[in-house]
Trainee: 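Pasting a structure here, questions to come.
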Amino acid sequence: LRRVSTFHEGWTLEALEQVGYEEHERHRALDELDSLVEKGLVRVVGSGERYALLETIRAFAAGQLHASGEVHAARHAHSDYFLAFGSGVDAGIKGTGQLEAVDRARGDNANMHAAIQWLTACARAGDPAALEKGLLLAGHLNWFWHMGGQHLTARVTVDALLALAAGAAPSRGRGLALLGSAMISTVTGEWGRCLGESTAAYQEGLAVGDEPVTIEGILFVGYCHLHGGRMAEARAAFDEGIERSAGGVSDFFHSLGPTLEGMLLFANGDLNAGKALVEQARRLQERAGDYELGGLALSLIRIENCGPVL
């Protein structure tokens with residue numbers, strides 16, 4: 001029961017097995033969970049796939065966890081589990097399971113925020129591994145936060161992590177977190193900041209050899225240039241992103257590139273070419289079940305005169 005107190009707003013059996021037990025003990029998780037339910041200490045949530053503690057019981061269990069001296073071990077296990085969970089959410093959103101990934105992430109949104117807060121606290125105490133994990137988790141949640149409108153909360157979270165990472169060696173985590181910050185900046189209208197963050201993410205991806213980070217970075221660079229009316233720079237960035245994504249690195253970005261370049265063609269008044277390019281991207285998105293980028297593509301296809309808007 002002590003380790004269960006690390007969860008926020010519920011948990012699944014899988015999460016309990018990973019966080020609450022050592023590997024050789026995990027076979028006990030279901031029976032012990034059923035016992036806690038029977039005793040009224042744990043309640044079943046929804047259709048039975050999630051569990052939760054009453055807040056008073058959770059507070060008592062948290063006190064017991066602190067008294068046992070197991071807080072660090074339990075919170076690290078919790079954050080490690082949700083780092084892997086967040087990576088799966090990101091893969092699902094950019095893969096063929098977008099709706100399912102978003103639904104899973106909504107259920108454990110509070111747990112993922114709690115994991116980031118713990119990792120940030122450890123990073124402030126001088127733990128570089130925790131800092132990289134925090135950057136990675138925040139980066140993995142970029143598109144989920146964007147789709148769910150969590151931009152203001154995400155800004156505070158990502159800013160704190162990036163400040164701690166200032167001056168550190170390039171890393172995948174910082175590249176992903178910079179992309180998350182760039183996404184937020186497009187929503188808040190900070191286009192100069194977005195260009196700087198996108199460029200830094202692109203350079204971070206190049207430095208660590210992470211092609212998905214590099215591709216997303218250069219596409220965001222192009223998007224910033226497009227918004228600023230710098231069409232030649234936007235075209236060059238989009239072309240590079242499309243070329244890099246053509247090798248099967250990511251179908252998600254392979255369809256995002258043509259969508260963005262279609263926007264550029266619309267802005268230049270070449271509606272037919274723009275529509276053809278966006279429709280090409282839309283076919284990729286439809287096959288993948290990509291509702292986020294697919295919605296963007298559909299909205300562009302249905303706009304007859306996009307130039308003044310863009």
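Note that the structure is a prediction, hence the values are computed from the model and not measured. For the numbers below, each heavy atom of this structure counts, side chains included, while hydrogens, waters and symmetry mates do not.
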Trainee: Please check if Val44 and Phe7 belong to a single hydrophobic cluster, counting links between Ile, Leu, Val, Met, Phe, Trp and Tyr side chain heavy atoms closer than 4.5 Å.
Mentor: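 Both belong to a single hydrophobic cluster.
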Trainee: Inspect the surroundings of CD in Gln64 and state if more than 12 heavy atoms from other residues, nucleotides or ligands are less than 6.0 Å away.
Mentor: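 Atom CD in Gln64 is crowded, with more than 12 foreign heavy atoms closer than 6.0 Å.
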Trainee: Report yes or no: do Met183 and Leu176 belong to one cluster of Ile/Leu/Val/Met/Phe/Trp/Tyr joined by side chain heavy-atom distances under 4.5 Å?
Mentor: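 Shared cluster, yes.
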Trainee: Donor-acceptor pair, distance only, cut-off 3.5 Å: does the side chain of Glu233 make one with the backbone of His225?
Mentor: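 No.
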Trainee: Taking the side chain from Arg3 and the backbone from Val19, do they hold a donor-acceptor pair closer than 3.5 Å?
Mentor: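 Yes; at least one donor-acceptor contact below 3.5 Å.
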Trainee: Just by distance, no angles: are the side chains of Ser185 and Glu197 close enough, under 3.5 Å, to form a donor-acceptor pair?
Mentor: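 Their side chains do contain a donor-acceptor pair, which is all the 3.5 Å distance test asks for.
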Trainee: Is there a side chain to side chain donor-acceptor pair (under 3.5 Å) between Glu49 and Ser47? Walk through the geometry before answering.
Mentor: CA-CA 6 Å; Glu49 73 282 358; Ser47 59; 2.3 Å; yes
Trainee: Do His151 and Thr188 pass the side-chain contact (heavy atoms from CB on, under 4.5 Å) test, and can you show the C-alpha distance, the side-chain angles, and the key distance before you say yes or no?
Mentor: CA-CA 8 Å; His151 302 100; Thr188 57; 5.5 Å; no
Trainee: Could you see if Ile57 belongs to whatever hydrophobic cluster contains Leu16? Use Ile, Leu, Val, Met, Phe, Trp, Tyr and a side-chain cutoff under 4.5 Å.
Mentor: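 In one cluster with Ile57: Leu16, yes.
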Trainee: Going by an N to O cut-off under 4.0 Å, is there a salt bridge joining Lys133 and Asp80?
Mentor: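 So Lys133 pairs with Asp80 through a salt bridge.
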Trainee: Going by an N to O cut-off under 4.0 Å, is there a salt bridge joining Glu100 and Arg104?
Mentor: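 Here Glu100 does not pair with Arg104 in a salt bridge, since their nearest N and O are not under 4.0 Å apart.
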Trainee: Which atom pairs, one a donor and one an acceptor, fall under 3.5 Å between side chains of residues 105-130 and the rest of the protein, sequence neighbours left out?
Mentor:
unit_1 : atom_1 : unit_2 : atom_2 : d
Asp108 : OD1    : Arg50  : NH1    : 3.4
Asp108 : OD1    : Arg50  : NH2    : 3.1
Asp108 : OD1    : Asn111 : ND2    : 2.7
Asp108 : OD2    : Arg50  : NH1    : 3.1
Asn109 : OD1    : Gln150 : NE2    : 3.4
Asn109 : ND2    : Gln150 : OE1    : 3.3
Asn111 : OD1    : His8   : N      : 2.7
Asn111 : OD1    : His78  : NE2    : 3.1
Asn111 : ND2    : His8   : O      : 3.2
Asn111 : ND2    : Gly10  : O      : 2.9
His113 : NE2    : Gln150 : OE1    : 3.1
Thr120 : OG1    : Ile116 : O      : 2.7
Asp127 : OD1    : Ala129 : N      : 3.1
Asp127 : OD1    : Ala130 : N      : 3.2

Trainee: Does Leu195 offer a backbone N or O that forms a donor-acceptor pair with the side chain of Ser198 under 3.5 Å?
Mentor: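 Side chain of Ser198 to backbone of Leu195, a donor-acceptor pair under 3.5 Å: no, none is there.
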Trainee: With a 4.5 Å cut-off on side-chain heavy-atom distances among I, L, V, M, F, W and Y, is there a chain of contacts connecting Met231 to Leu260?
Mentor: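 In one cluster: yes.
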Trainee: Please lay out, stage by stage, how Arg26 and Glu14 fare under the test salt bridge (Lys or Arg N to Asp or Glu O under 4.0 Å).
Mentor: CA-CA 10 Å; Arg26 287 172 186 159; Glu14 177 190 347; over 6 Å; no
Trainee: In plain terms, say whether Arg28 and Asp34 are close enough for a salt bridge, that is, a side-chain N and a carboxylate O under 4.0 Å apart.
Mentor: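 So Arg28 does not pair with Asp34 through a salt bridge.
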Trainee: side-chain contact (heavy atoms from CB on, under 4.5 Å), that's the test. Do Tyr223 and Trp191 meet it? Break it down for me.
Mentor: CA-CA 10 Å; Tyr223 187 47; Trp191 289 97; 3.5 Å; yes
Trainee: Pairing donors with acceptors under 3.5 angstrom, does anything connect the side chains of Tyr81 and Glu17?
Mentor: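 The criterion, which ignores hydrogens and geometry beyond distance, is not satisfied for Glu17 and Tyr81.
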Trainee: Do Glu261 and Phe266 pass the side-chain contact (heavy atoms from CB on, under 4.5 Å) test, and can you show the C-alpha distance, the side-chain angles, and the key distance before you say yes or no?
Mentor: CA-CA 9 Å; Glu261 191 150 337; Phe266 281 137; over 6 Å; no
Trainee: Can a donor-acceptor pair be found between the side chains of Trp143 and Glu216 at a distance below 3.5 Å?
Mentor: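 Glu216 and Trp143 do have a side-chain donor-acceptor pair below 3.5 Å.
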Trainee: Determine whether Leu179 and Met147 fall in the same hydrophobic cluster, where Ile, Leu, Val, Met, Phe, Trp and Tyr are linked whenever their side-chain heavy atoms lie under 4.5 Å apart.
Mentor: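 Hydrophobic grouping puts Leu179 with Met147.
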Trainee: Would you kindly say whether Glu32 and Tyr21 are connected by a side-chain donor-acceptor distance under 3.5 Å?
Mentor: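 Side-chain D/A pair, Glu32 to Tyr21: present.
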Trainee: Assess whether atom CG of Leu54 is packed by more than 12 heavy atoms of other residues, nucleotides or ligands within 6.0 Å.
Mentor: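 Check passes, neighbour count above 12.
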